[in-house]
Participant: 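What follows is a single structure, and I will ask about it in a moment.
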Amino acid sequence: MINSAVFSIVTFVYFLAFFFFLLGSVRPGGTFNFHKMAVWSARGGFLLHTIGLGIRWFESYEMGIGRIPLANFYESLIFFAWSIILLFLIAERRLRSQSAGLFVLPFAFIAMAYGSFSPEVDSRITPLIPALKSNWLSIHVITCFLGYAGFTLACGLGIMYLIKSRAERRGNQGTGFHALLPSLADIDESLYQSALVGFVFLTLGIMTGSIWAYSAWGAYWSWDPKETWSLITWLVYAIMIHVRYMRGWRGRRMAFLSLIGFAAVLFTYFGVNYLPGLHSYL
Amino acid sequence: MQERTGRILSSLASVRLTVVLLSIIILISILGTLIPQQQEAREFVRRLPGWLAKIYVYLEVYDIFRAPWFGGLLGLFSLNLALCTWLRFPRAWRLYRAAARGDEGDPVGDPELVYSVNRPLAEETARVEGFYRKRGYLVSKTEEPHKTRITFSKGAISYLGPYIIHAGLLLIVAGALIGVVFGFKGFVNIREGETVDSFNLLSRPGGMKALGFSVRCDKFTVEFYETGQPKLFKSDLSILSGDQVIKQVPLLVNHPLEYQGIRFYQASYETEPESAGIIVRKGSQVLSEANVNLGEPLELAEQGLTLEILRLEGNLMDLGPAAKIQVSQAARVRQMWLFQYAEEINRVRPGFLKMSPLFNTEALAPFSFSLNGMKERYKTGLQVNRDPGSPVVFLGSVFIILGLALTYFYYHRLMLVVLEEKDGETSVAGTVKLSRYPGRAAFELGLLGRMEKREQ
Ligand code: HEM
């Protein structure tokens, strides 16, 4: 299939972008503007990625199946990576950081690589079983994964915050690599904004999922493991919003919360497959 | 005393309690996904040591999310949310009213809007006012001789966003409660051609409930892809009142049917033998080769022989399709099992069909019987629900979305514009007094000046 080949190339391009970010961090201000090359590789990869999604959609019609490419595990990984890069490119322009990509790109790259190269992941286009034939499928998957992507970005920024604040505590006042990182206050603010984007989209994701469940299974909430874990994730970020807004938490505490929240996201996405339940599609 | 009540009330309404309760709910939910629940629980509890098993059963850990104490926890959380929202709302409302009127503080910061025009004060004031009114701003004005101050305010309602979110959450909790108390969940299996007027309740094993109308399954269809995955499950249903068909609808997965507040879902299906081809011989002469339905005896009047099918099994003892029949002639009555693959069974396991008198197909000599294929029919499995709380839950979701939009995608801005008349010229200066996003507000404030410049 052409689309799988395209996605393999995209994986490589994201790795390249990451590599440029790395070079830019190790040797800032050299002859080459590695940061610019990194950002442009990420943009190019994203464009190709988008085209790849279009090709896969088209190919599904050629196969006589004809459905949006958002309906199995492989496609969800591809779309997850796409959402991460989308939010990253938006945030990158705002944050004007030379190095945020270092902390965010690996997530997209790993998702793509896992989808493209792991023998456990089936990349074929398969037709939809009756439970998945619903208009809610695409809107549910899109909102959930944009939510996950927001949380991924927050987690990447959280790691960045912890590294920088550790250096500052040890008396490094911004030399070398640390000088390239945005100020702690800026990271903190972007981290929170990303988590909010994630929260809003996850809220929509849970709601669309409930409406879908109501029309497919007759119950908008059944406490099956995937539902329960998405609620757990949602509640972690609800706590984050309230401790920040009402109790004034900032900085390292928020960074730790973003890591805990991301662990919940990972469990909702992957861990749940090892538990019994209804959501066995994605 | 009153002070104490006040203190309890405020700690019940505190965000600190929220964080504690949410953390506990999170921990219990994690347990609920890791510890086997419902069907799997029975096996699990047997492997626990006695004391642990007792706790497990006493606390209803086998169905944690439906245990009364978990409901209590959610209730406490709702109380916390309701109190906190209730107690804080008046302040937010005052903030909203004040912000909408714009009566606070003096202008701060650099003016974002400066220009002067040679128009009279009154005319320019009307122009500026009109410009922002058209953009949805609320306007309040104070006029002195040769000087007018106008405050413009927009988006103050965003202060109410969090309260709308919280009200939405409470609505969802209320809706869920209504569903639990006034709703029901059940299932019914209907054979093709069969009509039912009641269904099994899930909450009471063995309990039945009348529908108030009848449902007939006219036809069930299942289709598969080449890969063997299911493609389509469909029940063609008729809704009847007495003998009268009220409507006919195909029921598909993801397309439930609602009638008189009861919803039907395509949930499962089974196949069930319906009739069998039975060959009756006398010696080596074939007397009959008819297809016999369950419950419809076959009469061979000439021989005085009656044949009735008692049971049909698609796969009996792993030996393939089999039919249990009862045959009678004169005063003789015999029962016997007929295997469709009798010849093969004799070949593979010689002597097997002699082990029981029930397997003897020649017990009513000189007649003998054999089974020649079976027809199956489908039985569709429908889930039957009523949930009067679902519209409330839906409304709550709408509130949450609206509240989130107001909180995060809308924002309040307040601007002050001062117009002053001197020597026939009117000078205009404006600043943003208050906004979560001062940059964006400043851009909007600057619009008028940029337009003015273009005109000049
Ligand atoms: C899972 C449940 C909850 C969700 C999803 C939720 C959501 C929110 C959101 C999105 C905000 C807006 C914060 C901002 O402006 O950035 C907020 C504000 C707030 N929440 Fe909650 N909330 C929840 C439960 C609670 C509870 C139980 C309390 C009770 C103490 C509470 C107290 C507050 C307060 C005091 C505010 C600030 C209101 C204001 O701006 O005047 N929340 N909540």
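Please read all numbers here as calculations on a predicted model, not as lab measurements. By convention in this document, chain letters (A, B, ...) are assigned in the order of the sequence lines, proteins followed by strands, and residues within each chain are numbered from 1.
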Participant: Taking all heavy atoms of B:Lys185 and all of A:Ala219, pick out the closest pair and write down the distance.
Facilitator: NZ-CB, 3.8 Å
Participant: How many angstroms lie between CD1 in B:Ile30 and CZ in A:Phe267, if you round to the nearest 0.5 Å?
Facilitator: 8.5 Å
Participant: So with a 6.0 Å cut-off around CG of A:Asn135, is the heavy-atom count from everything else above 12?
Facilitator: no
Participant: If you count the non-hydrogen atoms of other residues, nucleotides and ligands that lie under 6.0 Å from CD1 in A:Ile2, is the total more than 12?
Facilitator: no
Participant: Could you tell me whether B:Phe70 and A:Trp223 have their ring centroids closer than 6.0 angstrom?
Facilitator: yes
Participant: Would you mind checking which part of B:Phe65 comes under 4.5 Å of any heavy atom in chain A, side chain (CB onward), backbone (N, CA, C, O), both or neither?
Facilitator: both
Participant: For atom CZ of B:Phe399, is the number of surrounding heavy atoms from other residues, nucleotides or ligands below 6.0 Å larger than 12?
Facilitator: no
Participant: Quick check for you: to the nearest 0.5 Å, what is the distance between A:Leu204 atom CG and B:Leu404 atom CG?
Facilitator: 7.5 Å
Participant: Side chain from CB out, backbone as N, CA, C, O: work out which of these in A:Val236 comes under 4.5 Å of a heavy atom of chain B, or both, or neither.
Facilitator: both
Participant: Using non-hydrogen atoms only, which part of B:Ser23 is less than 4.5 Å away from chain A: side chain, backbone, both, or neither?
Facilitator: both
Participant: Heavy-atom count check: over 12 atoms from other residues, nucleotides or ligands less than 6.0 Å from B:Glu226 CD?
Facilitator: no
Participant: For the pair B:Tyr225 (side chain) and A:Ile129 (backbone), establish whether a donor and an acceptor sit closer than 3.5 Å, ignoring hydrogens and angles.
Facilitator: no
Participant: Top residue by heavy-atom pair count (under 4.5 Å) with chain A, among B:Val393, B:Leu232, B:Leu27?
Facilitator: B:Val393
Participant: Could you measure the distance from the CG atom of B:Leu34 to the OG1 atom of A:Thr228? Nearest 0.5 Å is fine.
Facilitator: 10.5 Å
Participant: If we define contacts as heavy-atom pairs under 4.5 Å, which of A:Pro130, A:Ala264, A:Ala216, A:Ala238 has the most with chain B?
Facilitator: A:Pro130
Participant: Under 4.5 Å from any heavy atom of chain B, what part of A:Ile211 do you find: side chain, backbone, both or neither?
Facilitator: side chain
Participant: Identify the heavy atoms of B:Pro256 and A:Ser215 that sit nearest to each other, and give their distance.
Facilitator: CD-O, 3.3 Å
Participant: Once you round to the nearest 0.5 Å, how far does CD1 of B:Ile165 lie from CD1 of A:Ile241?
Facilitator: 7.5 Å
Participant: Checking heavy atoms, do the side chain of A:Thr203, its backbone, both or neither come under 4.5 Å from chain B?
Facilitator: side chain
Participant: For the CH2 atom on A:Trp57, are there more than 12 heavy atoms of other groups (residues, nucleotides or ligands in this structure) within a distance under 6.0 Å?
Facilitator: no
Participant: Please look at B:Val384 and chain A and tell me whether the side chain, the backbone, both or neither of the residue comes under 4.5 angstrom of a heavy atom of that chain.
Facilitator: neither
Participant: Which answer fits B:Arg66, side chain, backbone, both or neither, if we ask what part of it has an atom under 4.5 Å from a heavy atom of chain A?
Facilitator: side chain
Participant: If only atom types and distance count, is the side chain of B:Tyr265 paired as donor or acceptor with the main-chain N or O of A:Tyr214 below 3.5 Å?
Facilitator: yes
Participant: To the nearest 0.5 angstrom, please state how far the OG1 atom of B:Thr18 sits from the NE2 atom of A:His242.
Facilitator: 6.5 Å
Participant: Quick one: closest heavy-atom pair of A:Pro225 and B:Thr33, and the distance?
Facilitator: CA-CG2, 4.0 Å
Participant: Just checking heavy atoms, which of residues 81-89 of chain B are less than 4.5 Å from chain A?
Facilitator: B:Arg88
Participant: Answer whether the closest heavy-atom distance between the side chains of B:Asp387 and A:Tyr220 falls below 4.5 Å.
Facilitator: yes
Participant: Identify which part of A:Leu235 has an atom lying under 4.5 Å from any heavy atom of chain B, answering side chain, backbone, both or neither.
Facilitator: both
Participant: For a 4.5 angstrom cut-off between non-hydrogen side-chain atoms, does B:His255 reach A:Lys133?
Facilitator: no
Participant: Do you know which of B:Gly32, B:Ala405, B:Ser390 has the most heavy-atom pairs with chain A at a distance under 4.5 angstrom?
Facilitator: B:Ser390
Participant: Using heavy-atom distances under 4.5 Å, tell me whether B:Leu257 contacts chain A through its side chain, its backbone, both, or neither.
Facilitator: neither
Participant: Taking side chain as everything from C-beta outward and backbone as N, CA, C, O, which of these in B:Phe394 sits under 4.5 Å from a heavy atom of chain A? Side chain, backbone, both or neither.
Facilitator: side chain
Participant: Looking at B:Gln266, B:Lys231, B:Gln383, which has the largest count of heavy-atom pairs under 4.5 Å with chain A?
Facilitator: B:Lys231
Participant: Between B:Phe224 and chain A, with a heavy-atom cut-off of 4.5 Å, which part of the residue counts as in contact: side chain, backbone, both or neither?
Facilitator: neither
Participant: Taking CZ in B:Phe182 as the centre, count heavy atoms belonging to other residues, nucleotides or ligands within less than 6.0 Å. Is the count above 12?
Facilitator: no
Participant: Check whether more than 12 heavy atoms from other residues, nucleotides or ligands sit under 6.0 Å from atom CZ of A:Phe58, and answer yes or no.
Facilitator: no
Participant: Start with the C-alpha gap between A:Tyr245 and B:Val15, add the side-chain angles, then the distance that decides, and say whether side-chain contact (heavy atoms from CB on, under 4.5 Å) holds.
Facilitator: CA-CA 10 Å; A:Tyr245 195 72; B:Val15 172; over 6 Å; no
